[in-house]
Amino acid sequence: MSKDAVRDTKEEILQAALLLFAQKGPEGVSIREIAAQVGLRESSLYRHYPGKQALYQSVLTEMGRRCRVVAESLRLPQGDAAPAAELYRQQGFDFLRRSCRALFLFYRQDVCAAAYFRLLTGEQLRGGPAGQAYRETLLAEPLAYYRALFARLMEQGLFRGRDPGAMAMQFYSPVLLLLSRYVDRPDGELAALERHLDQFEAAYSLMPAGN
C-alpha cells in the first residue's frame, strides 16, 4: 500500500471515529463499529492504530491542530492579543463582529469542526483528555485572549470599563452559549449573535459605529 493510500485510510478512520465519538461518546463506540464505517475489517484498523484509546487521542490531537490552524487564518481568539488590538484600532467593532461570525460559521459549516465541538461539550465534565481540551480550547484560552484584548483597548481609550476579565466573560460567555445551542441547528444563530454584539458594542465601545 502506498504512503498516500495509508494516509488517506488513516484520515478516513479519524473522521469516522470523530463523528461516532461525537454522536455516542467515546465509551459508546467500538473499534469494530469504526472499522465497519470505513469498510475495513477490525484487524485491518489495528494496522493503523493500536487501540481505541490511541485512536481517540489521535482524534483530539489532530482536531486541536486543525482548529489552531483555522483560528490563525481567520483571526479567531488565540495567542497574542496585540495584533488584534491594532486591527480593532483600525477597523473598530466590526473587527470583533467578523471574528465572531467566522467562529460561528467555522463550527456550523465544517462537519468535523461541528463534531469536535459536540464531542468536547459532551465530555466537558469528565476528567479525560476531551474534558481538558474543552476547558483549555473553549474556555481558558478564549477568555485569556479577550481579557488581554479588552485591557489593551481600555488602555488606548477605545473601550470603557474597569475589569477586562469580567468584560471578557460578558463578551464570550453568550457566544459560547449560542454556539452550544445552535451548532446542530441552522436557524437563528447569526441573528442572535448580532443582537448580543450590538448590546456589547453599545455598552463598552467608545468608537463611533462603523469605524
Side-chain angles (χ1 to χ4, degrees), residues 63-110 113-114 116-121 124-125 130-211:
M63 287 306 303
R65 184 194 68 79
R66 291 184 191 181
C67 287
R68 286 191 295 273
V69 170
V70 171
E72 183 176 353
S73 67
L74 296 177
R75 300 187 183 277
L76 299 182
Q78 70 168 11
D80 185 7
E86 175 59 23
L87 287 171
Y88 186 94
R89 188 187 66 79
Q90 297 172 6
Q91 302 173 18
F93 199 83
D94 282 346
F95 169 72
L96 280 179
R97 288 185 184 276
R98 284 192 295 270
S99 70
C100 282
R101 291 180 191 134
L103 177 70
F104 264 76
L105 292 177
F106 171 56
Y107 282 114
R108 284 291 300 126
Q109 296 178 350
D110 187 293
Y116 182 60
F117 184 87
R118 290 196 301 273
L119 174 60
L120 295 193
T121 54
Q124 62 181 288
L125 298 181
Q132 181 178 352
Y134 176 89
R135 291 187 291 274
E136 293 176 357
T137 304
L138 295 177
L139 291 180
E141 293 175 5
L143 286 171
Y145 171 91
Y146 283 123
R147 182 187 185 282
L149 173 60
F150 295 151
R152 285 180 175 272
L153 297 180
M154 288 166 62
E155 290 171 0
Q156 296 171 15
L158 301 176
F159 259 42
R160 65 171 64 89
R162 293 179 295 178
D163 186 341
M167 193 180 300
M169 288 189 289
Q170 291 169 10
F171 178 78
Y172 180 67
S173 297
V175 174
L176 183 60
L177 175 64
L178 289 171
L179 187 56
S180 299
R181 179 179 180 184
Y182 290 113
V183 70
D184 288 317
R185 296 168 53 189
D187 60 310
E189 74 273 16
L190 287 179
L193 176 65
E194 291 296 339
R195 290 194 296 273
H196 164 58
L197 295 174
D198 288 343
Q199 180 71 19
F200 191 85
E201 180 181 16
Y204 293 112
S205 178
L206 292 174
M207 295 184 71
N211 290 352

Report the distance from atom [atom1] of [X] to atom [atom2] of [Y], rounding to the nearest 0.5 Å.
X      : Y      : atom1 : atom2 : result
Leu153 : Met167 : CG    : CE    : 8.5 Å
Ser205 : Leu197 : OG    : CG    : 11.5 Å
Leu176 : Met169 : CG    : CE    : 13.5 Å
Arg160 : Leu206 : CZ    : CG    : 4.5 Å
Arg135 : Leu120 : CZ    : CG    : 10.5 Å
Arg195 : Leu193 : CZ    : CG    : 9.5 Å

Inset, instruction - Before accepting this row, confirm whether a basic side-chain N of the pair Arg101/Glu194 lies closer than 4.0 Å to the acidic partner's carboxylate O. - result: yes
Inset, instruction - Look at Glu155 together with Arg152 and state whether they make a salt bridge at an N to O cut-off of under 4.0 Å. - result: no
Inset, instruction - Just jot down the side-chain hydrogen bond (donor to acceptor under 3.5 Å, both in side chains) partners of Arg66, sequence neighbours excluded, or say none. - result: Glu11, Glu62
Inset, instruction - Just do the side-chain contact (heavy atoms from CB on, under 4.5 Å) check on Leu103 and Arg108 with the steps written out, would you? - result: CA-CA 9 Å; Leu103 177 70; Arg108 284 291 300 126; over 6 Å; no
Legend entry - Least distance between heavy atoms, Pro164 atom then Arg147 atom: CB-O, 3.5 Å
Inset, instruction - Could you pull out the closest heavy-atom pair between Thr121 and Tyr134, with the gap in Å? - result: CG2-CE1, 3.6 Å
Inset, instruction - May I ask you to check whether Phe150 and Phe171 place their ring centres under 6.0 Å from each other? - result: yes
Inset, instruction - Begin with the C-alpha distance, continue with both residues' side-chain angles, and end with the deciding distance and a verdict on side-chain contact (heavy atoms from CB on, under 4.5 Å) for Leu138 and Tyr172. - result: CA-CA 10 Å; Leu138 295 177; Tyr172 180 67; 4.2 Å; yes
Inset, instruction - Evaluate side-chain contact (heavy atoms from CB on, under 4.5 Å) for Tyr116 paired with Asp110, printing each intermediate quantity in order. - result: CA-CA 10 Å; Tyr116 182 60; Asp110 187 293; over 6 Å; no
Inset, instruction - Would you check if Leu96 and Leu149 make a side-chain contact, meaning some heavy-atom pair closer than 4.5 Å? - result: yes
Inset, instruction - Report yes if some heavy atom in the side chain of Tyr107 is under 4.5 Å from a heavy atom in the side chain of Cys67; otherwise report no. - result: yes
Inset, instruction - Take Arg97 and Asp198, measure what salt bridge (Lys or Arg N to Asp or Glu O under 4.0 Å) needs, and give me the verdict at the end. - result: CA-CA 9 Å; Arg97 288 185 184 276; Asp198 288 343; 2.5 Å; yes
Inset, instruction - Decide ring pair (Phe, Tyr, Trp, His ring centres under 6.0 Å) for Phe159 and Tyr88; before the verdict, give the C-alpha distance in whole Å, the side-chain angles of both, and the deciding distance to 0.1 Å. - result: CA-CA 11 Å; Phe159 259 42; Tyr88 186 94; 5.5 Å; yes
Legend entry - Neighbour count >12 (heavy atoms, 6.0 Å) for atom CD, Gln156: yes
